[in-house]
There are 2 protein chains.
Amino acid sequence: MSDRYATFARSGSGRALVRRLGLPDPPRLRRYRPGDPLVPGPVLLDAAPNGRMRAPVAILLGGAGVEVRDPLMAVANPLTTPTDPAAPASPDPAAPTSAESEATAAAGPETTVAIAPAEPGTDQVPRNAALIFDATGIIDSTGLRPLYDFFHAHARTLQPSGRVIVLGSPPEVCASPREATAQRALEGLTRSIGKEFGRGTTAQLVYVTPGAEYAIESTLRFLLSGRSAYVSGQVIRVGWQPADQPYVDWDRPLAGRIALVTGAAQGIGAAIARVLARDGAHVVALDVPPVGDTLAEVANSIRGTALQLDLTAANAPTRLANHFAGRHGRVDIVVHNAGITRDKTIARMDPAWWDSVLEVNLSSQERINDVLLARDLIPTGGRLIGVSSIAGIAGNRGQTNYATSKAGVIGLVQSMAPVLVGRGITINAVAPGFIETAMTARMPALLRQAGRRMNSMAQGGRPVDVAETVAWFASPASGGVTGNVVRVCGQSLLGA
Amino acid sequence: MSDRYATFARSGSGRALVRRLGLPDPPRLRRYRPGDPLVPGPVLLDAAPNGRMRAPVAILLGGAGVEVRDPLMAVANPLTTPTDPAAPASPDPAAPTSAESEATAAAGPETTVAIAPAEPGTDQVPRNAALIFDATGIIDSTGLRPLYDFFHAHARTLQPSGRVIVLGSPPEVCASPREATAQRALEGLTRSIGKEFGRGTTAQLVYVTPGAEYAIESTLRFLLSGRSAYVSGQVIRVGWQPADQPYVDWDRPLAGRIALVTGAAQGIGAAIARVLARDGAHVVALDVPPVGDTLAEVANSIRGTALQLDLTAANAPTRLANHFAGRHGRVDIVVHNAGITRDKTIARMDPAWWDSVLEVNLSSQERINDVLLARDLIPTGGRLIGVSSIAGIAGNRGQTNYATSKAGVIGLVQSMAPVLVGRGITINAVAPGFIETAMTARMPALLRQAGRRMNSMAQGGRPVDVAETVAWFASPASGGVTGNVVRVCGQSLLGA
């Protein structure tokens with residue numbers, strides 16, 4: 001499961017060889033460790049005129065203890081200007097190029113005051129850990145220029161494993177086709193930045209429904225933190241969330257929650273169980289009887305419950321529902337992680353292989369959801385989380401059965417999300433790309449290397465990266481996050 | 001622009017080497033030539049129980065002179081059984097494998113009568129040119145099995161450059177989440193088949209709105225014919241079309257239509273102009289004054305009109321509108337093909353490069369559409385067609401400006417389609433992948449080779465492939481085709 005190439009490429013002699021031959025140079029990704037600050041440096045925030053996200057973001061991040069560099073706010077209130085003693089009080093007239101001057105000028109004459117400390121070359125001040133641009137004010141394609149101005153001027157100020165977040169309005173709710181077109185265009189920008197910036201930078205587009213400005217806190221925190229190390233090039237939609245959102249302890253957001261994780265004995269499932277437990281949940285770890293021993297180890301290590309069950313059995317939904325009804329009276333978080341592959345071209349595939357993959361990866365999950373929902377075991381604030389796959393998005397040779405099942409998981413999320421809104425329950429899915437597991441370790445070497453490198457991070461992800469994404473969906477603060485399918489793939493080149 | 005590798009790989013010695021080394025083996029694609037039959041062989045048609053597309057497809061194809069092999073119809077009316085004298089009257093009991101027996105049994109006991117002649121090994125009868133499966137009857141993921149049965153049994157009966165078409169219901173209009181989930185799952189199947197079948201096979205999923213069953217004729221013909229040689233792995237939506245659809249001459253469907261093609265002096269634009277003219281349209285070929293000579297050549301060769309105009313000029317929309325108002329009183333088909341690239345990372349990009357790409361590729365097109373629509377120059381039956389790009393879908397390093405503009409084109413299509421439905425005007429876009437043009441010929445050799453090979457056809461497409469797709473959108477019979485973005489990319493591996 002180790003990536004020997006990455007270890008080699010980061011060594012002294014390896015690094016030199018990697019540069020000379022133009023080989024992939026996988027950066028060491030910043031990943032979350034408990035106790036870490038949200039971001040390891042300041043966040044530069046700017047907006048196109050009339051954006052509605054600037055103030056909410058500044059307030060949410062300020063409340064989270066993040067140093068926000070906002071040119072506008074710096075002007076409005078000089079007390080919030082970065083107080084680094086080494087920062088020049090006014091811009092060095094020699095530093096900005098003519099393009100940069102023009103860029104800052106476009107955002108208002110005073111912006112140079114606060115932007116200057118973040119310019120490259122002035123090494124006395126910390127580089128930015130994140131660049132956030134509020135593009136919600138853009139209502140026409142001719143108004144897209146401020147995006148260029150911002151990223152042109154500040155691209156080089158970003159730390160390794162930096163974060164780029166563009167905030168927009170969902171095209172489908174825009175007031176005019178012109179506005180919808182401009183907002184849809186943002187996707188081309190953020191996906192390009194994700195491929196361009198490198199060095200572990202992630203770039204996302206977050207569409208925020210008007211009125212849901214303050215519902216983005218969990219998403220903002222997830223994307224800024226090391227929890228989203230391997231999530232890049234994604235489009236995320238955040239909408240209204242129920243008003244009765246409870247107080248959230250951001251270090252243990254899942255405290256008091258009951259979670260079910262299927263396929264929890266190993267790999268990604270075990271990682272999900274561990275991360276949900278770390279975040280405070282009581283985890284019921286489920287897997288099939290043959291892996292009962294490893295399942296018990298996982299459950300014990302997180303003080304959870306081990307549950308041996310074959311989910312494809314006719315009575316499985318009822319038994320599962322009975323378990324939660326009897327022990328906990330409810331289940332807050334359901335993670336349908338259990339999945340199998342039975343790869344073969346369809347001409348050579350045994351019918352049993354088709355049936356079993358569809359049954360385990362899709363149909364059994366639908367039945368379980370329906371029984372849990374019918375028996376009202378998933379309360380308001382409940383979370384359904386599926387596991388799709390890049391194969392479910394793009395298709396894959398030899399995986400007609402698997403890709404069909406994983407495309408179905410996307411359909412499940414998209415069709416159930418509107419139905420569940422009224423009950424205050426969200427449904428989302430992760431779609432892992434190349435994750436370093438026992439399964440990928442068995443791939444042919446060349447294919448494995450290609451899979452690892454063909455993404456913006458030039459490396460495979462880890463099970464924990466998928467698990468952190470699941471935990472973000474699971475958070476009680478993510479009530480506005482529903483109907484999303486988020487890839488955990490380091491922005492893999494592969495897609496549809 | 002020639003693909004020397006493909007020529008070599010198809011040569012006697014080349015073919016042997018390609019096989020021994022496991023190199024890509026680009027098949028020779030079946031492309032349309034005037035006078036060709038719609039498909040070069042029979043079409044095998046089957047359906048899951050209760051499908052609503054089986055009869056319409058059989059009727060439409062029968063009317064087009066296509067030999068339809070439908071197990072159900074063969075039983076219902078023995079006279080329609082293939083009359084090939086060499087075909088066995090009953091199946092060879094030794095031929096089908098046990099899996100195939102099971103497959104055919106699932107579709108009804110009598111199906112072997114008609115399926116048998118299509119089995120591989122019975123070389124007396126022609127192989128199938130296309131496999132069409134009507135999946136509209138599937139209302140639950142547990143009902144997906146007939147898809148396996150059909151493709152498992154018949155995958156090997158397909159000719160080179162064969163066609164796979166799966167027909168479904170749009171998930172967004174399905175009656176239940178279960179049905180929407182199953183219908184969405186179809187995408188994983190068709191995309192996998194596209195990657196699996198090879199030999200120039202294309203595979204598409206066509207979602208047909210209930211009630212629009214007979215609106216699919218132009219789409220069915222396009223997908224079956226050699227016109228769609230380089231279109232694969234696509235999801236296409238067909239909805240209602242205005243009832244006043246005129247009679248269509250399928251050899252010259254655009255007869256009497258006035259078409260505008262921008263950027264028509266060379267490459268893809270010139271190919272679009274030629275194909276629209278071939279299909280009967282009077283083409284106004286537009287380009288900038290510096291390429292006036294080549295523009296005139298293109299226009300003369302198709303008996304069209306050459307129009308020199310810089311579309312980014314402030315008065316361009318008005319001048320264009322005046323041209324059509326004065327000469328033709330209208331413009332039926334508007335193809336916004338003009339586009340430029342100015343590649344550079346955003347940190348190094350000149351602001352003028354950002355502005356010009358956004359202006360040419362997106363904003364000027366919006367202005368032109370709006371003026372033409374405001375002056376009522378686009379009549380009922382009008383067609384707006386944009387050109388997006390894989391970069392607009394997936395983003396690309398060094399193309400923040402280009403990808404933003406091309407993602408905007410997608411937004412334009414999606415936001416304008418519902419607005420234009422009431423006027424009987426459609427709007428769609430093509431998204432070309434690697435197309436062999438003067439532009440791609442200038443790419444670095446290694447990148448060019450990778451771009452060519454990383455798709456299900458193992459070769460680059462031709463400008464005519466994009467043009468044929470545009471002509472399908474432009475057809476008067478495509479009134480139900482709107483809001484689509486269709487890639488012409490040979491099912492490139494790259495995506496989002």
Side-chain angles (χ1 to χ4, degrees), chain A residues 99 102 141-142 144-145 148 151-152 155-156 171 174 177-178 180-185 187-196 233 345-347 349-351 354-355 358 362-363 366 391-392 394-400 403-408 410-412 414-416 419 493-496, chain B residues 99 102 141-142 144-145 148 151-152 155-156 171 174 177-178 180-185 187-196 233 345-347 349-351 354-355 358 362-363 366 391-392 394-400 403-408 410-412 414-416 419 493-496:
Chain A
E102 192 175 339
S141 67
T142 55
L144 288 164
R145 171 66 183 274
Y148 164 83
F151 289 109
H152 173 71
R156 293 201 188 89
C174 286
R178 287 282 184 105
T181 298
Q183 291 294 322
R184 182 62 178 75
E187 193 175 324
L189 178 81
T190 48
R191 291 194 194 272
S192 296
I193 284 178
K195 292 185 175 178
E196 193 166 294
T345 61
I346 199 165
M349 188 184 290
D350 192 86
W354 172 275
D355 289 344
L358 266 293
L362 183 58
S363 302
E366 293 180 277
N396 199 13
R397 183 172 192 283
Q399 294 199 309
T400 46
T404 302
S405 73
K406 293 300 189 179
I410 297 174
L412 180 61
Q414 294 173 337
S415 61
M416 287 295 285
V419 173
L493 293 178
L494 305 182
Chain B
E102 189 175 350
S141 68
T142 54
L144 289 163
R145 170 66 182 274
Y148 164 84
F151 289 110
H152 173 72
R156 294 201 188 88
C174 286
R178 286 282 183 105
T181 298
Q183 290 294 321
R184 181 61 179 76
E187 193 175 324
L189 178 81
T190 50
R191 291 193 194 272
S192 296
I193 285 178
K195 293 185 176 181
E196 190 166 295
T345 60
I346 199 166
M349 187 184 291
D350 191 85
W354 174 273
D355 289 345
L358 266 293
L362 183 57
S363 302
E366 293 180 277
N396 199 10
R397 185 173 190 283
Q399 295 198 310
T400 46
T404 302
S405 73
K406 294 300 190 180
I410 297 173
L412 181 61
Q414 293 173 336
S415 61
M416 289 294 287
V419 174
L493 293 178
L494 306 183

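Convention: sequence-line order gives letters A, B, ...; per-chain numbering from 1. Hydrogens, waters and symmetry mates play no part in the numbers below; they use all other heavy atoms, side chains included. Computed from a predicted model, the values in this text were never measured in an experiment.
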_How long is the straight-line distance from CZ of B/R156 back to CD1 of A/I346, given to the nearest 0.5 Å?_
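One finds 11.5 Å between CD1 of A/I346 and CZ of B/R156.
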Distance in Å, A/I410 CD1 paired with B/R184 CZ, rounded so as to fall on 0.5 Å steps
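Here the interatomic distance stands at 4.5 Å.
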field: Identified side chain to side chain contact (heavy atoms under 4.5 Å, CB included) partner of B/S415 from the options A/C174, A/P171, A/P177
entry: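 Exactly one option meets the side chain to side chain contact (heavy atoms under 4.5 Å, CB included) with B/S415, and it is A/P177.
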Handout entry: Partner of A/T400 by side chain to side chain contact (heavy atoms under 4.5 Å, CB included), out of B/R191, B/E196, B/K195
Key =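 Filter result, single survivor: B/E196.
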Atom group of B/A407 that falls short of 4.5 Å from chain A, counting heavy atoms =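 Contact with chain A is through both the backbone and side chain of B/A407.
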Checklist entry - Quick one: side chain to side chain contact (heavy atoms under 4.5 Å, CB included) partners of A/S141, sequence neighbours excluded? => result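 For A/S141, the residues satisfying side chain to side chain contact (heavy atoms under 4.5 Å, CB included) (neighbours in sequence not counted) are A/L144, B/L362, B/S363, B/E366.
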(Q) Could you work out, with side chain to side chain donor-acceptor pair (under 3.5 Å) as the rule, every residue matching A/Q414, not counting sequence neighbours? (A)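 Per chain and number, A/Q414 pairs via side chain to side chain donor-acceptor pair (under 3.5 Å) with no residue.
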Considering only heavy atoms and a distance below 4.5 Å, find which of [options] pairs most often with chain A.
| options | value |
| --- | --- |
| B/G398, B/S405, B/G392 | B/G398 |
| B/S192, B/A391, B/G233 | B/S192 |
| B/I193, B/N396, B/L358 | B/N396 |

task: Heavy-atom pairs under 4.5 Å with chain B are the metric here; pick the option from A/A403, A/A185, A/A182 that has the most.
output: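 Looking at each option in turn, the highest pair count goes to A/A185.
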Inset, instruction - Look at A/T142, A/D355, A/V419 and state which one has the largest set of heavy-atom pairs under 4.5 Å with chain B. - result: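 Option with the greatest count: A/D355.
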